[in-house]
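I have placed the structure first, in the form of structure tokens, so that the comments after it can refer back to it.
Convention: sequence-line order gives letters A, B, ...; per-chain numbering from 1. Excluded from the calculations below are hydrogen atoms, water molecules and symmetry mates; all remaining heavy atoms, backbone and side chain alike, are included.
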Amino acid sequence: DIQMTQSPSSLSASVGDRVTITCRASQSISSNLNWYQQKPGKAPKLLIYAASSLQSGVPSRFSGSGSGTDFTLTISSLQPEDFAAYYCQQSYSTPYTFGQGTKLEIK
Amino acid sequence: QVHLQESGPGLVKPSETLSLTCIVSGGSVSSGNYYWSWIRQPPGKGLEWIGYIYYSGSTNYNPSLKSRVTISVDTSMNQFSLKLNPVTAADTAVYYCARVSPTGSNYYYYYYMDVWGKGTTVTVSS
């Protein structure tokens, strides 16, 4: 199985901050990397697919980059509704695997 | 717009069978473009992919669960289902169904889960 490691596991930030979350794969996954946002009690929501493509309806302050083994999710200017958990997921091979998550909290 | 809705018992006894159904509305499970997947999330923990099915019935399971999992599709009812047997307390989780969509060209596709159900909580307890 491909292991996905996110850092940090938790992060405190303020509204308006620029935030970056990283995700590392245990082997090269090309650009087969997706990012999801999950709020408490809700299902995950797709933000970014294929490493850098913005899902329809997702604000442009979210962006993704990377290929191979190292990826980043950047939120350019945090909004109050962005405080949530974020997960990366590889779809290069099955079983699909997720990172352990990054919890973004209000400072 | 496609919507997914999970249904099934919220309480299952240890050693018995967990059975869930995902009803697809606003689209067809028979569309050849998509796979239909199950994912779960134990309380306070991360996400685990269980497996997916194609409308033809072809399946792909997580090896960690493969001996206990069956995913099936009913195109006439526009739904797909999950069975997990036998269950233990470790199978207590929120179970989500999701659509796996492709994007790409030239025979290379990227896959992502773009539509999710709201999730259903299953507790395994006697």
Which bit of A:T97 comes within less than 4.5 Å of chain B, counting heavy atoms only: side chain, backbone, both or neither? neither
Quick one: do A:L47 and B:M113 end up in the same hydrophobic cluster if we chain Ile, Leu, Val, Met, Phe, Trp and Tyr together by side-chain heavy atoms under 4.5 Å apart? no
Without swapping roles, check the side chain of A:N34 against the backbone of B:Y111 for a donor-acceptor pair under 3.5 Å. yes
Same cluster or not: are B:Y54 and B:W38 linked, directly or through other Ile, Leu, Val, Met, Phe, Trp or Tyr residues, by side-chain heavy atoms under 4.5 angstrom apart? no
Same apolar cluster: B:Y34 and B:M77, side chain cutoff 4.5 Å: no
For A:A43 and B:G117 the tightest heavy-atom approach is CB-O, 3.2 Å
B:R68 atom CZ, over 12 foreign heavy atoms within 6.0 Å: yes
For B:I50, which atoms come within 4.5 Å of any heavy atom of chain A: side chain, backbone, both, or neither? neither
Distance (rounded to the nearest 0.5 Å) between B:N60 CG and A:Y96 OH: 7.5 Å
Check the hydrophobic clustering (I, L, V, M, F, W, Y; side-chain heavy atoms under 4.5 Å; chains of links allowed) and say if B:Y35 and A:Y92 are grouped together. no
d(A:Y49 OH, B:T103 OG1) to nearest 0.5 Å is 5.0 Å
Does anything in residues 2-29 of chain B reach chain A? List residues with heavy atoms under 4.5 Å apart, or say none. none
Proximity breakdown for B:V100 and chain A, heavy-atom pairs closer than 4.5 Å: side chain
Closest non-hydrogen contact found for B:Y96 with A:K42 is OH-O, 3.2 Å
Same apolar cluster (I L V M F W Y, side chains within < 4.5 Å links), B:L47/B:V94: yes
Distance, nearest 0.5 Å, that separates OH of B:Y112 from CD of A:Q55: 6.0 Å
First locate atom CZ of A:F98, then atom CD of B:Q41, and finally report the distance between them rounded to the nearest 0.5 Å. 9.0 Å
Indicate yes or no: at least one non-hydrogen side-chain atom of A:S30 is less than 4.5 angstrom from one of B:Y108. yes
Counting only heavy atoms closer than 4.5 Å, note whether B:Y52 contacts chain A via side chain, backbone, both or neither. side chain
Identify which part of B:N62 has an atom lying under 4.5 Å from any heavy atom of chain A, answering side chain, backbone, both or neither. both
Over 60° means perpendicular and under 30° means parallel, so tell me whether A:Y36 and B:W116 are parallel, tilted or perpendicular. perpendicular
Say you draw a straight line from CH2 of B:W49 to OG of A:S91; how long is it, rounded to the nearest 0.5 Å? 11.0 Å
